[in-house]
Amino acid sequence: MYSDLLANLNPEQGEAVTLPPVDQNGHAQSALILAGAGSGKTRVLTTRIAWLIQTGQVSPIGVLAVTFTNKAAKEMLIRLGAMLPINTRGMWIGTFHGLCNRLLRAHHKDAGLPSTFQILDTQDQLSAIKRLLKGLKVDDEKYPPKQLQYFIAHAKERGLRVKDIESGDDFQAKMAQLYQAYDEQCQREGVVDFAELLLRSYELLKHSEPIRTHYQERFRHILIDEFQDTNALQYAWLKLLSGHDGSRPSTQRSAVFAVGDDDQSIYAFRGADVENMRLYEKQFHPMMVKLEQNYRSHGHILDTANHLISNNTERLGKNLRTDAGHGEPVRIYEAASDSLEASWLVDEIKALINSGIQRTEIALLYRSNAQSRIIEHALFSAGLPYRVYGGLRFFERAEIKHALAYLRLLENPNDDTSFSRVVNFPTRGIGARSIEALQDAARAQQCSLYLAASSLEGKAGAALGGFVRLIDHMREATRHNTLPETVEFVIQHSGLIQHYLGEREGQDRVENLQELINAATAFIAEEGYGQDAKAATLPGENAPGDVEVSPLASFLSHASLEAGDNQAQAGQDAVQLMTVHSAKGLEFTSVFITGLEEGLFPHENSVNELNGLEEERRLMYVAITRAKERLYLSHTQSRMLHGQVRYNMPSRFLEELPSDSLKWLTPKAKDARWGGRSSGSTWNDGYTRQREYESNDFFDSGSDRPVTRAHSTLSNNVKRMAAPPRDTYPFKIGQNVFHTKFGEGRVTALEGLDTDARAQIHFKRHGIKWLQLSIAKLAAID
DNA sequence: TTCTCTCTGAGAAGG
DNA sequence: TCAGAGAGAA
């Protein structure tokens, strides 16, 4: 019977899916699947769940599956529903945050939270922090809100409460103290931030023995996707829940099935730790299967990826292979400038479309968002439809957040973040002064702004009283409404619709608000509130985790946990523009990786980070492996960045590709171009590589004609760049200098003529900067 | 309270 | 280059 499930798997996939979840001693046997790009990992994960259920090794309620995005969770549910005749609705498949939210809702009392607790997204968290600092009269120059936010998030992601933080210097101590105050504020207001969601549920499981045991016994099989992206807290959570932390005897642990790819770990900057894979090997003793058969890319593309990534040292080791044949070589193009790069892109895309390739099958990738502008401009001028990923998403839009803030106040009036957000929006004469007075009153009475509002006297008190009555009225009036009716009522009576109708550019916002009503309707239908609510519960178990929450409360958490699409140009047949990060997990027939220049990709900031270069290389690896049939790489000699023209060297990654798989559309720069560099080891100097204009290696010193006969369009640029004689600069490369504002630094590059002469300086405190020598006050030191 | 101007600083992003 | 924050004026 289950052979159907396995019929379409290759041997290694089949092996992974059917790994015995129990060893010969009857103990749970965990697994680690090293799944290369395009090796069918989602399929393996889903089939594993189906196989476990179908072979009777577990019932659907005994499975816990964790993903990193809602999209991945949804996809898994859909595939599973197609494989098995079961209702997947009650299954615990979701993101870490979604599952933890579910846990905390079910056990809010034990977790020390009100039943109506709200979730703060990153924006909300920042405004809560700003409000906190203001209230405590803390100098936000000295303790920047953003930095405190980072401090708190990182502490929580490592599982650290204030008491666990080692006392360091004064600054550290103050940050810890503010962390404490922030947590107290959140507790008072009944809100939790994203990291708190995880930490709180970890602590819940840790400290409540009955709850822990309940879930440990329920979830006999725990599956994790994108394991390389887990952080320390998520790992600890997993260890605890599966009983591998020592809380259960070895005979009673759950089997963990982790799928990941260390070569695609690109999120260290947000707390992910690839080390977890090695830790997992050591602590869970998993059986290991490598999925190295790639079903996506042609040979040259795959060779390119393999070759590049082999330059990384810290790898578990894996080499992708394909049956698809070599296919097209990887094409490399050098443009003279960013605008010429863009127009080349347009030409090449037009040719691809003429050859019958769908626009949606063409992706333009870049390292940083700022690069999209010039490409968009070129596509727009050429009349080529395109879609940009990223940017503001539906639930992050200001008007939507305003509406949600009103809705949150109906649920939980103590939510001061929401209160502050809309107390004077639309404006109702409650200005900064009134708010300040209100905050003082609230602090004195140890209560929320909402409660303090009625105690205030005078004109401000009257206006605030009006606001409180408005909220109370909305709550009363919608008591028996359906969710969409409530949403509609609130956006009408809050005055939001009217406000935006009066604005010149408000039409879009009004439409978005109306869309929010639709979103509520869709949510009710999807979640099965109303007619088939019963179907949501699986037979056989009355789990404490499956409790009903009010539709509004659950819609609000949905809005926080799932920011929604950025719907711009969705569905249209358009060329796809996105950063390399957001391309992860996607695939396209044709892929362009643009801006392959030193300083950009690898990004200049990365060279100063621990293992930063290796992460950039993995990022490049991810980019390459998005391509199925055609891959183009481009770089430019000059690029406008932050309003200044920069001349960057070609990316070092271009040198790390196998020449047999490449085809240079512009003449490949001769070795001379790469400077007098000896065999690859000299770049790790911690500084951005910069074009060097040594007359004797790049240009014929006697004439302005380049020796390496570059593309004809390049020669103008070349002339300008060839001109500056070295010795006219007041500083030398490597010299230490002092700047009145940035302090001490070292000169790392020089370029330009006369008043245009610039120096790149690596400042100890402020990082790398370009300074115009005619303007900047620089003094040589030592 | 709100509009306008000036200054600053700049990476990637899911929940 | 350009978005966001903060200051100052109406």
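Just the heavy atoms: all of them, side chains too, but no hydrogens, waters or symmetry mates, feed the values below. Chain letters run A, B, ... following the sequence lines, proteins first and then strands; every chain starts at 1.
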Taking B:dA10, B:dA12, B:dG15 as options, the one with an atom nearest any side-chain atom of A:Phe269 is B:dA12

Atom pairs under 3.5 Å: protein N/O with N/O of nucleotides 6-10 of chain C:
none

- Query: Which part of the nucleic acid, if any, lies within contact of A:Leu600, taking any heavy atom under 4.0 Å across all strands shown: a base, the sugar-phosphate backbone alone, or nothing?
  - Reply: nothing

Q.
For the C1' atoms, the ones on C:dA3 and on B:dG14, what distance do you get once it is rounded to whole angstrom?
A. 23 Å

For this session: Decide yes or no, distance alone: a donor-acceptor N/O pair under 3.5 angstrom between the base of B:dG11 and the side-chain of A:Glu615.
Result: no

One should read off an interatomic distance between A:Arg105 CZ and A:Cys100 SG, to the nearest 0.5 angstrom, of 12.5 Å

On the nucleotide B:dA13, are OP1 or OP2 found under 4.0 Å from the side-chain N or O atoms that A:Asn369 carries? yes

Between CZ of A:Phe68 and P of B:dG14 the distance, given in whole Å, is 13 Å

Notebook entry, point to check: OP1 or OP2 of B:dG14 less than 4.0 angstrom from a side-chain nitrogen or oxygen of A:Arg270, does that happen here?
Noted result: no

Output field dot_bracket for DNA chain B (Watson-Crick or G-U, both distances under 3.5 Å, | for other-strand pairs) contains ||||||||||.....

Side-chain contact check for A:Thr122: nearest option of B:dA12, B:dG15, B:dG11 is B:dG15

Ranking B:dA12, C:dC2, B:dG15 by distance to the side chain of A:Asn70, first place goes to B:dG15

Walking DNA chain B from its 5' end, the first of A:Gly643 and A:Thr69 to be reached, judged by nearest nucleotide, is A:Gly643

Tell me if the aromatic rings of A:Phe601 and A:Tyr366 count as close, with their centers under 6.0 Å from one another. no

ask   = Taking the side chain from A:Asn424 and the backbone from A:Thr427, do they hold a donor-acceptor pair closer than 3.5 Å?
value = no

Residue pair A:Arg433/A:Asn605 against DNA chain B: nearer the 5' end by closest nucleotide is A:Arg433

Notebook entry, point to check: Does A:Thr579 have a side-chain nitrogen or oxygen under 4.0 Å from the phosphate oxygens OP1 or OP2 of B:dA13?
Noted result: yes

| Between A:His108 and A:Phe117, does the ring centroid distance fall short of 6.0 Å? | no

From CD of A:Glu157 across to C1' of B:dG15 the rounded distance in Å is 11 Å

From CG of A:Asn231 across to P of B:dG15 the rounded distance in Å is 15 Å

To the nearest angstrom, the CG-P distance between A:Leu233 and B:dG15 comes to 17 Å

Atom CD1 of A:Ile129 and atom P of C:dA5 are separated, to the nearest Å, by 15 Å

Considering every strand and a 4.0 Å limit on heavy-atom distances, what is the contact class for A:Arg373: base, sugar-phosphate, or nothing? sugar-phosphate

For the base of B:dG11, is there a side-chain donor-acceptor partner from A:Gln371 under 3.5 Å away?
-> no

Among the nucleotides B:dG11, B:dA10, B:dT2, whichever has the atom closest to the side chain of A:His642 is B:dA10

From CG of A:Leu619 across to P of B:dA12 the rounded distance in Å is 11 Å

Can the ring centres of A:Phe269 and A:His581 be said to be less than 6.0 Å apart?
yes

>> Measuring only between side-chain heavy atoms, which start at C-beta, is A:Met578 closer than 4.5 Å to A:Val388?
In response: no

Does the pair A:Asp229/A:Lys584 count as a salt bridge with the N-to-O cut at 4.0 Å? yes

Would A:Glu562 and A:Lys74 count as a salt bridge (charged side-chain N to carboxylate O under 4.0 Å, His left out) if you check the C-alpha gap in whole Å, the side-chain angles of each, and the deciding distance to 0.1 Å?
CA-CA 12 Å; A:Glu562 183 162 4; A:Lys74 217 176 262 175; 3.5 Å; yes

| message | Applying the 5.5 Å / 30° rule, does A:His603 stack onto the base of B:dG11? | response | yes

Among the nucleotides C:dT1, B:dG15, B:dA13, whichever has the atom closest to the side chain of A:Met640 is C:dT1

Between A:Glu189 and A:Asn412 the two heavy atoms that sit nearest each other are O-ND2, 3.1 Å

In whole angstroms, the gap separating C1' of B:dG15 from CG of A:Asp124 amounts to 13 Å

Take atom CD in A:Gln123; do more than 12 heavy atoms of anything else shown fall under 6.0 Å from it?
yes

Picking from B:dG11, B:dG14, B:dA12, the nucleotide nearest the side-chain atoms of A:Arg393 would be B:dG14

Looking only at B:dA12, B:dG15, B:dT2, the nucleotide nearest the A:Leu561 side chain is B:dG15

Separation of B:dG11 atom P from A:Glu604 atom CD, nearest Å, is 9 Å

Within the distance-only criterion (no hydrogens, no angle test), does the side chain of A:Glu399 pair as donor or acceptor with the backbone N or O of A:Arg397 below 3.5 angstrom? no

Of the candidates B:dT2, B:dA12, B:dG15, the side chain of A:Thr427 sits closest to B:dT2

